[in-house]
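A note on names: the letters A, B, ... follow the listed sequences, proteins ahead of strands, and every chain is numbered from 1. On a predicted model such as this, the values are computed, not experimentally measured, just so you know.
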There are 2 protein chains.
Amino acid sequence: MSTIDQTKERLLEAAGRVFAERGFRSATVREICHAARANLAAVNYYFGDKERLYVESVKRAHSRRQEAAPMPDWSPETPPDVRLRDFVLTMLKRILGDPQCDWQAQLMFREMQQPTAACRELVEEYIRPHFELLQAIIGELSPAAMTDQQIRLVAFGIVGQCLYFRVAEPVVRQLVEQSEFAQVEPRRLAEHITRWTLAALGRQEYVLPECVTGQRPKGAT
Amino acid sequence: MSTIDQTKERLLEAAGRVFAERGFRSATVREICHAARANLAAVNYYFGDKERLYVESVKRAHSRRQEAAPMPDWSPETPPDVRLRDFVLTMLKRILGDPQCDWQAQLMFREMQQPTAACRELVEEYIRPHFELLQAIIGELSPAAMTDQQIRLVAFGIVGQCLYFRVAEPVVRQLVEQSEFAQVEPRRLAEHITRWTLAALGRQEYVLPECVTGQRPKGAT
DNA sequence: TATTGTTTCAAACAAATGTTTTATGCGGGT
DNA sequence: ACCCGCATAAAACATTTGTTTGAAACAATA
């Protein structure tokens with residue numbers, strides 16, 4: 001019993017990494033089994049075929065990511081701007097995560113761009129609730145004149161900003177210097193995006209205090 | 001001579017579509033040749049091997065996209081907010097394009113996420129100049145207190161918002177209703193993102209006139 | 001110890017796929 | 001008429017790859 005779970009577990013872990021790096025089709029069962037220190041036939045033994053292993057590994061990656069960075073449960077009187085900041089930070093933590101679990105996010109992005117029929121349910125069960133939560137938060141922060149459609153666009157904009165740093169990471173890394181890229185991390189980005197959003201909504205000015213940016217203002221002597 | 005270019009051309013076109021849809025590894029030479037109405041050996045005859053065909057097709061897709069939606073050359077006295085709007089609109093046109101040339105954008109995104117060594121030059125020759133142009137425009141619109149690092153974050157944010165609708169298209173399509181998704185098109189998005197940015201910079205209020213959104217304000221009778 | 005169910009392993013198979021080869025048709029120049 | 005360069009076509013080749021198979025190793029149990 002225990003040995004079953006061990007190899008099955010190693011297989012899921014290794015499959016996640018390999019699928020994330022190579023994509024479903026390009027990943028080979030042989031590479032996965034080798035990475036999992038398992039025999040070639042193990043995949044078919046435990047999962048039937050390559051595709052079911054893929055589905056399982058995607059689900060696994062997602063749940064791991066979610067429990068690694070859970071959404072905080074706010075008290076009823078938590079102000080919406082705090083909730084916005086928490087939401088963005090949580091999202092960024094899940095997306096950028098530590099490089100150790102990097103593949104989990106990568107794997108989900110692949111799935112988002114070319115959804116497998118089996119995994120499309122992820123959107124309904126997981127993404128849509130989060131997206132509606134974000135819309136609700138923005139709605140509370142917005143003037144009454146904002147339409148639902150506008151709120152949706154704002155929500156997409158926030159998500160897009162978060163995702164960009166992960167999805168186009170190689171490009172970002174090449175565009176900014178190494179030292180600056182190292183500072184692209186969840187807390188700083190969440191602060192920027194939150195302030196940026198609040199400023200656009202007319203809630204406050206967009207000014208990042210020096211202690212956060214670690215840089216002097218332009219033109220300062 | 002003319003026939004040479006014809007099949008070579010068809011090969012490049014077909015390869016672009018197939019590579020965009022399936023990725024380099026998953027795309028088969030047979031499928032490409034079939035789509036191009038060419039013989040199986042044509043790829044090796046004209047390009048040597050599959051990989052060089054891929055590189056050529058990426059370059060081709062990129063230049064096609066660029067000439068399809070060129071950056072306007074502004075007169076010196078064009079105000080920065082107009083330039084921002086133009087920049088965003090041009091970018092969105094290239095990204096969202098008409099569904100006919102959809103694969104060109106798709107292909108470049110694949111390349112951005114998993115850069116081939118041969119194609120990494122695209123960033124230097126093409127993306128970096130555009131990125132610096134965007135930074136310059138934002139710089140003109142920003143208060144002097146903004147640091148270069150903050151400007152870069154803002155620029156990444158704008159690019160991220162634009163890319164999101166394309167990169168996560170399947171998800172967006174599933175999240176919003178069909179009728180609303182049809183309205184996700186360059187002009188409307190450019191208007192939203194530009195106004196949003198200007199509002200965050202304290203340049204103007206973020207209010208989209210009804211004639212643009214086509215929706216009545218929340219709570220209107 | 002013998003038995004039974006489970007897991008691992010090495011080998012083999014069949015299909016897919018990138019590449020090469022060889023042959024065929026075609027046009028123009030000598 | 002003959003030859004030569006070039007484009008196309010069909011077949012063949014060598015790998016790769018997902019999957020299957022049958023035996024061996026192992027653990028638990030009676």
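We find that OH of Tyr46(A) is positioned 8 Å from C1' of dT8(C), with the value rounded to whole Å. Per the geometry, CZ belonging to Arg22(A) stands 12 Å off P belonging to dG18(D), to the nearest Å. Here the C1' atom of nucleotide dA10(C) and the CZ atom of Arg37(A) are 19 Å apart, to the nearest Å. For Arg10(A) and dT8(C), the CZ to P distance is 7 Å, given to the nearest whole Å. Look at NZ on Lys8(B): it is 16 Å from C1' on dT8(D), rounded to the nearest Å.
In terms of the salt bridge (charged side-chain N to carboxylate O under 4.0 Å, His left out) criterion, Arg110(A) has no residue partners (sequence neighbours excluded). Applying the side-chain hydrogen bond (donor to acceptor under 3.5 Å, both in side chains) rule to Gln113(A) yields the partners Gln113(B); only residues at least two apart in sequence or on another chain are considered. Partners of Glu67(B) by salt bridge (charged side-chain N to carboxylate O under 4.0 Å, His left out), not counting sequence neighbours, listed by chain and number: Arg64(B). Glu132(B) is linked by a salt bridge (charged side-chain N to carboxylate O under 4.0 Å, His left out) to nothing, counting only residues two or more places apart in sequence or in another chain.
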Could you go through nucleotides 11-21 of chain C and list every protein N or O atom that sits under 3.5 Å from one of its N or O atoms, giving the distance for each pair?
residue: dT17(C); atom: OP1; partner: Arg25(A); partner atom: NH2; Å: 2.2
residue: dG18(C); atom: OP1; partner: Ala27(B); partner atom: O; Å: 3.2
residue: dG18(C); atom: OP1; partner: Lys50(B); partner atom: NZ; Å: 2.9
residue: dG18(C); atom: OP2; partner: Val29(B); partner atom: N; Å: 2.8
residue: dG18(C); atom: N7; partner: Arg30(B); partner atom: NH1; Å: 2.9
residue: dG18(C); atom: O6; partner: Arg30(B); partner atom: NH2; Å: 3.1
residue: dT19(C); atom: OP2; partner: Lys50(B); partner atom: N; Å: 3.0

Under 3.5 Å, which donor-acceptor pairs do the side chains of residues 33-40 of chain B form with other protein atoms, sequence neighbours left out?
residue: Asn39(B); atom: OD1; partner: Ala41(B); partner atom: N; Å: 2.9

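Ion pairing between a basic and an acidic side chain is recognised when a charged N comes within 4.0 Å of a carboxylate O; Asp86(B) and Arg83(B) show no such pairing.
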